[in-house]
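A note on names: the letters A, B, ... follow the listed sequences, proteins ahead of strands, and every chain is numbered from 1.
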Amino acid sequence: MGRTGLGEFEHQVLLSILRLGRESYSVPIVGELERRTGRGVATSAVYIALRRLEKKGMLRSRLDPPEESGELHPRRYFALTEAALAPLKEARRAYLSLWEGLEPALDD
Amino acid sequence: MTTGGEGEVRPPALARAVLRWAVPREERAVVDGELAELFRRRAADGGAGAARRWYRRQAAGFALRAWSVRRATVGYGREGTTMRLLDDVGGDLRWALRGFRKRPAFAAVAVSTLALGIGANSAIFTLVSAYFLEPLPYERPDRIVLLWETDRNTMDVTTVSPGNYYTWREETRSFVDVAAFNVNTATLSGDGPAEEVTASVVAPHFFDVLGASPFLGRAFDEATARETDGRVVIVSHSLYVRRFGADPGVVGRDIRVDGRPHRVVAVLPPSFRQPERSLSWQRPELWRPMLLDERHDDFDSRYLRTVARLRPDVSLEQAREEMALVEARMAEAYPEQNGGRHILVRTLDEYLMSDARATLYMLLAAGAAVLLIVCANVANLTLARGEERRREFAVRAALGSGRSRLLRQVMVEGVVLALAGAAVGAALVFVGRDLLQAVQARFFSGLVDVRLDGKVVLFTAAVAVAAGVLFAIPLARAAAGPELRAGLGEGGERTGAGPGSGATRNVLIVGQVGLATTLLAVAALLARSFNELVSVPPGFDAEGVVTLSLLAPSARYETREDVRAYFEDVWRGLEAVPGVSGVGMTSDMPFTTENRWTTLRVPGADFDPGDPPRAEFHAVLPEFFDVMGIPVLAGAVFRDRWDPVTDVEVVVNRQLAETFWPGRDPVGQTFAMDSGDEATFRVAGVVENVLDDGFDARPDPTFYLPWGAQPNRRMAVVARVAGDPAAVLADVRRAVHRVDPDIPAGELRTLRSMLAETVARPRGASLIGGTFALIALLVAAAGIYGVMSYAVQSRTREIGIRAALGASGRQLMGMVLGQSTRLTVVGLALGIGGALAAGAALSGLLFGVRSWDPTSLLVAAGLLGGVATMAAWVPARRAVRVDPREALRAE
């Protein structure tokens with residue numbers, strides 16, 4: 001995929017953040033991913049995906065230091081940018097297009 | 001097992017060390033903490049063992065992907081809230097600009113409207129800044145006072161006699177020093193074409209008192225002035241540049257002033273200003289020393305202005321108290337010259353600013369009102385647009401933009417629009433800066449330079465930011481409200497006036513109508529007031545007359561015969577000027593503040609002993625009435641002119657005749673001055689009342705006697721001219737100079753311009769008020785039109801249904817206009833209330849109209865009501881005309 005294209009895992013990470021509704025840090029993102037996909041998720045993969053997506057401009061992040069948040073450790077929060085909308089929609093369209101007509105055949 | 005504390009499970013140390021190795025330093029704390037959190041959850045859910053195993057797998061994952069992790073982490077250096085904020089705001093800016101590019105019409109309308117409102121306020125601010133924020137170009141100007149004399153009875157302010165000046169200088173303790181000055185003209189010749197400049201004759205220590213230093217050279221002092229017999233001059237910076245090419249070598253050089261060589265000793269800096277407020281004088285460009293040695297005991301001539309500096313330990317009150325004692329002493333020592341005169345001590349600030357202040361405050365208020373109307377207008381525009389952008393806000397909210405982020409976005413949009421409007425407005429002000437300077441010179445004191453400097457730019461930017469935030473508030477509230485979520489679900493259709501934003505729009509419309517009504521009413525008041533003022537007949541015909549004032553100084557014209565000879569020569573000389581058809585003289589020009597009073601003995605008249613009859617009087621030449629076009633109502637004008645007379649024939653005005661001899665023929669009546677003088681006056685004729693004290697004063701009983709009976713050193717000359725009086729001014733000046741080149745033709749101007757100056761301030765207030773009201777009317781009308789168009793369009797479907805159900809055009813119009821009419825009426829009512837309050841506040845500026853003048857209120861309400869109705873009617877009519885089928889399809 002090109003620079004603004006989405007890998008499958010990146011697609012899942014974006015959707016998880018969207019589902020969470022606001023900006024999120026990696027703990028709830030990992031939780032959402034594992035809940036929805038039904039599989040364990042490598043936190044390092046999430047780490048890399050989040051930061052790559054940020055470099056692609058689809059996410060923005062901010063650091064929340066513990067002295068401000070009152071938490072035990074600093075957290076890095078991620079939120080979607082508008083630039084993520086188009087690739088997300090495109091990925092969805094691509095999947096749906098590929099799946100079109102196949103569901104009945106694969107239903108069990 | 002790795003534990004710490006009572007029952008606390010910790011991640012395995014080795015795995016943790018591997019993890020920390022794999023993650024770059026910038027993100028180490030984050031990853032460490034987040035994995036620890038996940039570890040604790042797993043331990044809670046599945047037990048410590050499972051958690052540890054999971055942790056080791058994660059650490060291994062980071063280790064195996066260490067290179068990718070490092071690559072992904074590049075760029076996470078220092079991170080401050082400021083950087084983030086700047087980033088975010090940068091994003092907001094880009095988003096705002098994108099939005100304007102997509103809707104250029106909206107942006108253009110909003111920017112133009114804002115340009116008007118903000119530009120108007122910038123223009124006013126340049127005036128306010130020049131007057132109130134620029135420091136006066138003197139040292140410690142708050143310690144400088146001006147000293148005047150006044151007539152105790154009339155409180156007319158007059159200039160000072162040399163005798164009094166010397167007394168004040170030598171016998172008072174409140175001042176560091178007192179300096180006299182006066183203004184006339186000088187002719188420069190020799191190194192360039194002959195040029196007449198405004199000049200000032202000043203006491204040698206004048207500049208010391210003011211605390212003003214020259215830009216080049218040294219100011220003259222008493223010693224220098226005496227050594228050179230007064231043949232030294234100081235020039236202004238403008239003269240230095242204009243005539244001497246900014247050549248510093250001019251200092252020390254001789255130039256010809258009034259035909260005689262004078263040495264230039266200094267050049268003043270460009271910021272120097274004479275502490276003068278006269279509208280008619282240009283600023284002096286040349287200063288000469290005044291040597292009044294021989295005048296120490298001249299208490300008769302009054303032609304000096306005086307400026308003094310308070311001693312550091314003396315307050316204004318203390319100075320006033322001392323001068324009151326001096327006043328009493330002088331009245332006792334010189335009863336004839338100083339009896340009944342009061343010494344007035346005024347601060348420089350009060351003298352220069354007091355007149356301008358009231359008008360400037362009014363302008364500030366008007367500017368604020370216009371800006372509010374503009375903000376309401378743009379707020380309505382952005383609200384309408386906000387309906388269309390509801391979906392956009394909803395999506396942004398879904399992407400994680402919190403309420404505060406959305407609010408900030410809307411504010412940034414508003415401020416960007418406002419700054420663009422401010423830039424256009426400031427450009428307009430810059431382009432019109434000459435006009436501004438002219439307005440300032442005509443309607444204010446002309447003392448200050450209007451400059452478009454950093455203060456103005458700062459003010460404009462501040463107003464823009466404030467305006468941007470202000471008109472963005474209604475949209476921000478709508479954007480951050482609960483309707484957002486609904487926007488996503490509905491597929492983002494326009495739902496017309498939602499409950500919240502509809503009420504806001506109504507409030508804005510009412511506000512606009514109200515403010516515009518108030519502005520219109522105030523403008524109408526000012527216009528009526530001005531009209532009343534100039535409709536008062538002055539009692540003379542100002543067309544085609546020039547006037548000037550002359551003073552025959554006692555040093556060179558000691559006796560009465562000397563003075564008579566001088567004035568007679570002037571009179572003949574002026575009659576010979578081509579174009580002049582008549583020359584008259586008077587001791588006191590109408591509309592000036594110099595008047596003489598006396599009490600009278602009127603035989604046969606019945607007066608209260610405690611309130612004796614009083615009248616003004618003037619010494620005139622008989623030609624005066626004809627030249628001034630003052631109609632003779634009865635009898636005839638006397639024929640005596642220069643010769644002393646025993647039986648004095650006088651002319652009285654109508655007011656005097658009606659006061660002293662009501663119902664009787666005044667011609668032939670006699671009276672005398674109550675000063676012990678034996679001379680009896682016989683009334684030869686009656687003339688129409690002349691407004692001696694200005695348009696807004698009532699005519700007082702006045703009589704005129706020949707110069708021969710009341711010789712005066714200071715006379716005002718009037719000359720009637722065929723054709724344009726301005727064209728003969730130069731010839732008139734030359735004719736006067738030919739008689740005595742050392743006596744300048746003072747205040748030489750046309751009578752029409754003299755009259756215009758007296759009403760310059762009310763005219764200015766009326767003009768400016770009218771301009772603002774017009775702007776307010778246009779903006780409000782545009783606002784109503786816009787909102788009504790939008791509101792009506794949103795009801796297209798409803799209109800279509802009703803039309804299909806058989807409603808008539810009239811019924812539909814009534815339905816549509818009903819709401820706008822209600823809003824307009826409420827706005828008008830509020831506006832009238834505001835107008836009443838404003839009128840009361842401005843009552844000091846009004847003449848001949850009540851502050852609640854019903855005509856002005858009706859005109860304002862009627863005009864705005866009419867315009868508002870039209871603004872609503874046009875879109876309503878359009879909507880009603882649409883085919884019902886189209887309307888039903890419209891969405």
Are side-chain heavy atoms of A:R75 and B:E37 found at a separation under 4.5 Å? yes

inquiry  = Within the 4.5 Å heavy-atom criterion, are A:I48 and B:R65 side-chain neighbours or not?
reply    = yes

d(B:R57 CZ, A:T43 OG1) to nearest 0.5 Å is 10.5 Å

- [ ] May I ask you to decide whether A:R76 forms a salt bridge with B:E34, counting only side-chain N to carboxylate O separations under 4.0 Å?
- [x] no

When the 4.5 angstrom heavy-atom criterion is applied to B:L64 and chain A, the contacting part is neither

Within residues 97-105 of chain B, contacts to chain A at heavy-atom distances under 4.5 Å involve B:R98

The interface call for A:L85 against chain B, heavy-atom contacts under 4.5 Å, is side chain

So, the part of A:T81 with a heavy atom under 4.5 Å from chain B: the answer is backbone

Checking heavy-atom separations under 4.5 Å from chain B, one finds in residues 34-41 of chain A A:E34, A:V41

Side chain to side chain contact (heavy atoms under 4.5 Å, CB included) filter on B:A51, not counting sequence neighbours, yields B:F39, B:R42, B:A43

The complete set of salt bridge (Lys or Arg N to Asp or Glu O under 4.0 Å) pairs with one or both residues in residues 11-20 of chain A, sequence neighbours excluded, reads A:R19-A:E32

Is the closest side-chain donor-acceptor distance between A:Y47 and B:Q58 under 3.5 Å? no

Open item on the list: If you count heavy atoms of other groups shown closer than 6.0 angstrom to CZ of A:R92, is the number above 12?
Closed with: no

Tightest non-hydrogen contact, residues A:R51 and B:A72, listed as CB-O, 3.5 Å

